[in-house]
Amino acid sequence: MLRLIFLLLLALSTFAQPRRIVSTVPGLTEILFNLDLGDRVVGVSEYCRFPAAALAKPKVGSFLQPNIEAIAALKPDLVLIIKNPVRLKQRLEAVGLRVQELDLETMPGILAAIAQLGQDTARQKQATALRSNLEQRLAAVKSKVKQRQRVTFLVGRTPQRLEGMVAVGPGSYLDELMRAAGGDNIFADSPAMYPKVSIEQLLARDPQAIFEMGDSVHEGIPQNRYREDVLAVWARMPSLRAVRERRIFPLNDDLYVVPGPRFAEAAERFFEMLNGGPAR
Amino acid sequence: MKPVYQLRQASVVKNAQPLLENIDLELSAGELVVILGPNGAGKSTLLRVLAGLEQLSAGAALLSSEPIAAISRRTMARQVAMVEPTVALPFGYSVEQVVMMGRAPHMDAWFEGSEDWAQVEAAMRVMDCENLRNRDFRNLSSGEMQRVLVASALAQQPCVLLLDESAAFLDVRHQMELFEALHRLTSQGYLVVAVTHDWNLAARWASRIVLLKSGRIAAVGSPTELASAPLLNEVFGVPLEVLEIKGRPPIVLQPGDPAR
Amino acid sequence: MIRFWPVLLLSCAAALLALILCPLIGPTPMDLSKLAEPESLESRLFWLARLPRVILALLAGGALASAGVLFQALMRDALATPDTLGVSSGASLGAVVAICFGWADSARLGGLWVASLLGAGLVLLIVVALSSSGRNVSSFTLLLAGITINSMCVAVMLFLQSVTSLGRSLAITRWLMGGVDSVEYSTLALLCLFVLPAAVVLIWRSKDWNLLAVGQSWASAKGLDTRSSLRLGYAVGSILAGSVTAITGPIGFAGLIVPHTLRMLIGPDHRLLLPASFLIGGAFLAACDTIGRTIFAPAELPVGVITALLGGPFFLWILTSRATMKN
C-alpha cells in the first residue's frame, strides 16, 4: 500500500513537471540542455545557437521581442524569459501561459537561475552538480590571477576602421567576467553600460589588452581570416601599447557575449589570453 | 528698317489645348505695343513666346531674323528683358541686389565690375528708385516693387522690354509714371511690348494695339483704328461704348443703364 | 559687396580657431608644453584622436550647412535642409541597406558610400518631382513630403534591422547613433575627395543660386539655363549630404541654424552666404562635438543629440515667427 502511494506520488510529480518548454533566451536554452532537458524544449529564440541541437528547434522571435502568438501555438507548459523592461511576463500570462522570469545579467544571477530551473523541472541533482562545477572552475580562475591588467572589450566598430567603437562599460556581464579573469575594465567609470568611445580614450587609457568583437558584420568568415583582418586594422595604431605588444585578441564566438552556463569557460579563456595563451 | 520680331503662323498647343493659333505679327524698334484681350485669350502666352520662355508647336518666331528657339538663354537675356507682374522673394534681397541680378547675362566675372555698377545706377535713376537701394525688396509697396523690377530689366541693357500686367497693381499716378517711362524708352529705340487689361491705358500710350481673342489675332492697329464698338464688343463679349473726344485717344466705357 | 572680404576673413578665422582650439579641449587634460614632443601622450592624442575628429566636424558641418543653403535656395524656403527634406534619411536608408546586404563588409566599405549617395539622390529626385509637379508648392507641402519620406525611410530601416542578423542589426544601431568620431586620415581623404570639389562648384555657381532663389522664370529671364543649373544643384546637394551621412550617420538640424542665422546677419547673397556657411557651419559642428565628447566622458554624446537639442527649438522659432509675420 505504501509502495502504491509512493508510485502515485511519483507519477503525479512527473506529471506536474513541465514537458513542453519554450526558452526565449540563449543562456536559458543552454541551461536546459545542460540539465538534460533538450527533448522537452519545443521552442527557442532566433539567437539560440548553442548547443547545435538548439538550432533545429522552432523559432519564437528574440528575447526582447518574442512572438507571443507563435509561443502560444506551441502549447508550452513553461515559458522562460529574462528580466526585461517591457512587461513580457504579464503579456505572456495574459494568454494563459506559465512564465518563469529569471535574471542572467550577473554570474550569481546565472547560478540562481540554474537552481531555480532545476527546481521547476525536478532536476535538482543535475542543477546542483552544474552549479558546483561552475563555482569551482570560477574560483580556480580567480585564484590563479597574480597580476591585474587594464583591459577593454569592444563590442562594436566600423568595419575595417578604428571608428565608431562601442566598448563594454561597468555593470555588465562581460565586465564581471573580465574582472574574474584578472582584467580591470578601463571604462569602469563610464556612465553608460555600453559607451560609445573613440580612439582618444584608448590612447589616453592605453589598455594592456584589447578583446575585440567589433567587426560584427564579419559573419560566416573563418576564425583565422577574421583574426588577420582585425589585426591588420589595429596595426595602423602602433601608438597603442596593446598593439605593440601584440595583445589584441580578435574574438568571434558568442561564448563571450551570451550570459549563461558557459561563463566559467569564458572566464578560463579570458585568463588564458591575459596570461600568454592565444585567442581561441 | 528690319522688324525686331517676326512671327509667322506661330501656334502653341498645350495638353491638346490650342493657346495660340496662327499668329502673324511683326514688331519693330521704337514701338510701344500693347496686347489686349479677355482672360484666356493668350496674351501672356504670346509674351512668353517673345521672351523665349514658351516653345512653338508650329510656325516660326524670329528675333532679329534668328529663330528664337536657337538662341541661348544668355544671348536672349541680353536682348530681351521680361518684367513679371510680381516676384515673391523668399529671402531679403536688397533693391540694389535685385537690380544687379539684371546684370547676370553680362557678367562673366564672379564679382560685378564698374560697368555693371554704372548700368545699375542708370537703371535705378530711370525708374526713380535710387533712394530705395538698401531697402529689403519684400517690404516695398507694389508700386515700388514694379519700378524696381523694371529697373532690373533695364539693367540687362536689352533692346526689347516685355511687361506682363505690370500696371495692374499700380495706382493711377504710378500707372502714368510707368508708361511715361516706357514711352521715353521707345523714343530711345527700345521695343516695348506690354500686356494689360486696361483699354484706356493702352489707348493713351500704345503706338499699336494687338487684340487677341481665343488665341487668335482679332485685329492689329493704332488705338484710333481699333476704337470701334462692334469690334470691341465681339472681342470682349460685352456691349461697350466708344467715346471720342477731339484731340484725345478714344475712351471705352461700359454702357450706362438709364433705367437705374 | 563691400563687406565681402571682412566677413569672409572673419569666417575663415572662426574655422581656423575651431581647428586649433577644439583639439586642445577634451576629456583627457592636455599639458600644452608636451605637445611638441613626438612620443608624448599629448601629441598622440592631438594628431591621432583630436585633429582628425575636428577636421571631420569641420567638413561635415560645412557640407551640411552649405547643402542647407543650397536646398533653401532651390526650394525657395528657409526651412529646407537635408534632413527636413528627407535627403539625410534617404542617405541613411542607403547605408542601412548596404550594411544589411553585406555591401559594407570588410574590404568593401565603398558599398556604403555608393548606397548612401544613391539614397540621397533618389529622395531628392522624389522631392523635386513633388515640388515641380504643381506650379506653386507651398513650404507646408514640402515639409510634409519630407516628414513622409522620413517616416517611410525609418520604417524600411526598422524592417531591415529586424530581419537581418544580430551582428548586422547591432552595426546598424551603432551607425544610426550618428555622430562625429576620431576617424582615420584615409577616411578624411576620401571625404575631402567628395566634399571639397562639391563645395567649390557650389560656391563658384553662387550667382545661379541667387537667381534661382527668386524664381525659375526669373532666373531664365535673366539668362540662366535653369534646367542644367538645377540638375547641377541637386547633384551637388546629394553628394554633400550623402557623403557626409555615409561617415557620420544622420546629424539632424546641422543645415538649419547656421544658414538661417548667417542670412539674417550678412544677407542672402550666395557668393558670401555659401562660403561663410561652409566655414561657420564647420566651426559650429566642431564646437558642438567638443561639448559632446567632453561633458559625459569617457562616454560620448553623439553630436546629433546636441544639434537636435539646439536646432529643434530654433526650427519651431522660425515656424512661429513666420506665422506671426503672415498675420
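Chain naming here is simple, since letters A, B, ... match the order of the sequence lines and numbering starts at 1 in each.
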Next on the checklist: Using 0.5 Å steps for rounding, measure from the CG atom of C/Leu19 to the CG atom of C/Leu279.
Outcome noted: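 Result: 11.5 Å between the selected atoms.
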Next on the checklist: Nearest 0.5 Å, please: how far is SG in B/Cys129 from CD in B/Glu96?
Outcome noted: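 Going from CD on B/Glu96 over to SG on B/Cys129, the span is 10.5 Å.
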Checklist entry - Will you find, in the side chains of B/Asp198 and B/Thr196, an N or O donor that is under 3.5 Å from an N or O acceptor? => result no
Checklist outcome for this item: B/Leu162 and B/Leu47 have their tightest heavy-atom pair at CD1-O, 3.7 Å
Checklist entry - Which pair of non-hydrogen atoms, one from B/Glu26 and one from B/Gln6, has the smallest distance, and what is that distance? => result OE2-NE2, 3.6 Å
Please classify the contact between [X] and chain C as side chain, backbone, both or neither, with a heavy-atom cut-off of under 4.5 Å.
X        : result
B/Ala51  : neither
B/Met107 : both
B/Val98  : both
B/Met76  : neither

Next on the checklist: Tell me which of these, C/Pro268, C/Gly215, C/Ala219, C/Gly223, has more heavy-atom pairs under 4.5 Å with chain B than the rest.
Outcome noted: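 Of C/Pro268, C/Gly215, C/Ala219, C/Gly223, C/Pro268 has the most heavy-atom pairs under 4.5 Å with chain B.
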Next on the checklist: I'd like to know whether NE2 of B/His183 has more than 12 heavy-atom contacts from other residues, nucleotides or ligands below 6.0 angstrom.
Outcome noted: no
Next on the checklist: Does atom CD (B/Glu115) have a neighbourhood of more than 12 heavy atoms from anything else shown, all under 6.0 Å?
Outcome noted: yes
Side chain, backbone, both or neither: which part of [X] has a heavy atom under 4.5 Å from chain B?
X        : answer
C/Lys222 : both
C/Thr226 : neither
C/Ile203 : both

Next on the checklist: Looking at chain C, which one of B/Ser94, B/Ala153, B/Ser152, B/Pro158 has the largest number of heavy-atom pairs inside 4.5 Å, strictly under?
Outcome noted: B/Ser152
Checklist entry - Side-chain contact, heavy-atom cut-off 4.5 Å: B/Glu112 with B/Val120? => result no
Checklist entry - If you check every heavy atom in residues 62-74 of chain B against those of chain C, which residues fall under 4.5 Å? => result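 Under the 4.5 Å heavy-atom cut-off, B/Arg73, B/Arg74 qualify.
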Checklist entry - Should B/Arg133 and B/Val99 be marked as a side-chain contact (heavy atoms from CB on, under 4.5 Å) after you check the CA-CA gap, both sets of side-chain angles, and the distance that decides it? => result CA-CA 9 Å; B/Arg133 70 173 71 231; B/Val99 178; over 6 Å; no
Checklist entry - When you check the gap from the basic side-chain N to the acidic O, do B/Lys14 and B/Glu54 get nearer than 4.0 Å? => result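 B/Glu54 and B/Lys14: salt-bridged.
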